[in-house]
Amino acid sequence: MWSATKVRARITETDPVFKARYIGCAETFTASGQGCTTGPVQKLWDNAGGEKELKKVTIVINTGGITIKGSDKKKEQGKFYPIETISFCNADLAINERIFCWICKDSESPSLQCHAVICGSKEEAKSMSLVMSRAFQIAYKEWKTSKVREERESKKIRTKDEIKGKQSSFRKDSDSIHSSESGSDTQAVARKLSRRDSGCQTEMNDLSNGLDSSLKIKDSNLDTVSETGSNVPPVPDVNSVSVGTEVQSSEKEFLY
């Protein structure tokens, strides 16, 4: 069963802001790990003097990093420590429960610096540590997401380039194939035409030979007819008939 009491959470768009007093910074040679801040913080705390003499500061923590500036000067831009330069942070309970500290790389030198502030209560120091830890997680997820997005974009670009390269090579191959096919087609047409020409020439030769042979046959027949016509016996001439041969007159006899 759900409880009738609702837990209300205050959600704002502004970054968490904390009030504290700045103790100082000291050089360190250990970037992270358990107890890495104990030595530098102890040194800073021993040389700090009275707590009320420390400078009041306002600390803003977000996924971009830590911004620290003086509380008295509202227009002051303050000092910004990017989150990518911060290697470690915690509430140092070994020295003082109200101290919050972080280790970051100095922008002006290659050395590591340990910064420490003292809060009004141990709960506030613990809250600062939790907020900073959460900022680390969110920043890492955002960085990983952007990295994956960049890899996808680069992969898409590579894929597009590969597709374009394949298409260009395919076009070149198809053009060469078409050119070879057109050349072969031209050669085939030329062969067909030459074959047709040779066939027509053969037919013309056959036709001329047939005509010559038929004309020769007709000429030979005419010669044969003329030769046989000379052997026909001539019609006898009446005048050339010898005397004593009875010849019937063709004229009619008239009786007087």
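Since the model is a prediction, treat every value here as computed from it, not as a measurement. The residues of the chain are indexed from 1 along the displayed sequence.
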Discussion item. Quick check: closest heavy atoms across Gly64 and Phe80, and the distance to 0.1 Å?
Written reply: O-CZ, 3.3 Å

Worksheet item: Would a 4.5 Å heavy-atom cut-off, applied to side chains only, mark Ile66 and Trp102 as touching?
Response: yes

Worksheet item: Is the backbone N or O of Phe88 less than 3.5 Å from a side-chain atom of Ser32, with the two atoms forming a donor-acceptor pair by type?
Response: no

Practice prompt. Go through the steps for Ser111 and Asp106 under the test side chain to side chain donor-acceptor pair (under 3.5 Å), then give the verdict.
Written response: CA-CA 6 Å; Ser111 62; Asp106 191 3; 4.9 Å; no

Fill in: Reported OG-to-CD distance for the pair Ser146 and Glu153, which is rounded to 0.5 angstrom
12.0 Å

Discussion item. Could you measure the distance from the CE atom of Met132 to the CZ atom of Phe100? Nearest 0.5 Å is fine.
Written reply: 6.5 Å

Worksheet item: Are Thr58 and Lys19 linked by a side-chain donor-acceptor pair shorter than 3.5 Å?
Response: yes

Practice prompt. Side-chain contact test, heavy atoms from C-beta onward, threshold under 4.5 Å: evaluate it for Asp92 versus Thr38 and give yes or no.
Written response: yes

Item to complete: Using a cut-off of 6.0 Å, state whether more than 12 heavy atoms not belonging to Gln34 lie near its atom CD.
Response: no

Discussion item. Does this structure show an ion pair linking Glu27 with Lys43, if we count only N-O contacts that are shorter than 4.0 Å?
Written reply: no

Fill in: For Ile83 against Ala135, the heavy-atom pair lying closest together
CD1-O, 3.7 Å

Worksheet entry | Nearest-0.5 Å distance that lies between atom CD1 in Ile86 and atom OH in Tyr81 | 9.5 Å

Worksheet item: Are Val117 and Ile23 joined in one hydrophobic group, where the rule is that I, L, V, M, F, W and Y side chains link up if heavy atoms are under 4.5 Å apart?
Response: no

Item to complete: Supply the atom-to-atom distance Asn96 CG to Gln42 CD, rounded to the nearest 0.5 angstrom.
Response: 10.0 Å

Worksheet entry | Enclosure of Tyr140 OH (heavy-atom neighbours >12, cutoff 6.0 Å) | no

Worksheet item: Would you say the side chain of Arg134 lies within less than 4.5 Å of the side chain of Phe136, judging by non-hydrogen atoms?
Response: no

Worksheet entry | Approximate separation, where rounding is to 0.5 Å, of His115 NE2 and Thr37 OG1 | 13.0 Å

Worksheet item: Hey, which of Glu124, Glu97, Glu51 is the one that makes side-chain contact (heavy atoms from CB on, under 4.5 Å) with Ile118?
Response: Glu51

Worksheet entry | Check: Asn90/Ser129 side-chain N/O donor and acceptor closer than 3.5 Å | no

Discussion item. Once rounded to the nearest 0.5 Å, what's the spacing between atom SG of Cys119 and atom NZ of Lys126?
Written reply: 13.5 Å

Worksheet item: Minimum heavy-atom separation for Leu44 to Gly24, with atom names?
Response: CD1-O, 3.5 Å

Worksheet item: Between Tyr22 and Ala116, which heavy-atom pair has the shortest distance, and what is it?
Response: CD1-O, 3.8 Å

Worksheet entry | Sub-4.5 Å side-chain heavy-atom contact between Cys36 and Ile103 | yes

Fill in: Main-chain N/O of Leu54 paired with Arg21 side-chain donor or acceptor, under 3.5 Å
yes

Worksheet entry | Sub-4.5 Å side-chain heavy-atom contact between Ile59 and Thr67 | no

Worksheet, complete the sentence: For Ala91 and Ala125, the nearest pair of non-hydrogen atoms, with its separation, is CB-O, 4.0 Å

Discussion item. Which heavy atom of Leu112 sits nearest to which heavy atom of Lys105, and what is that distance?
Written reply: CD2-CA, 4.0 Å

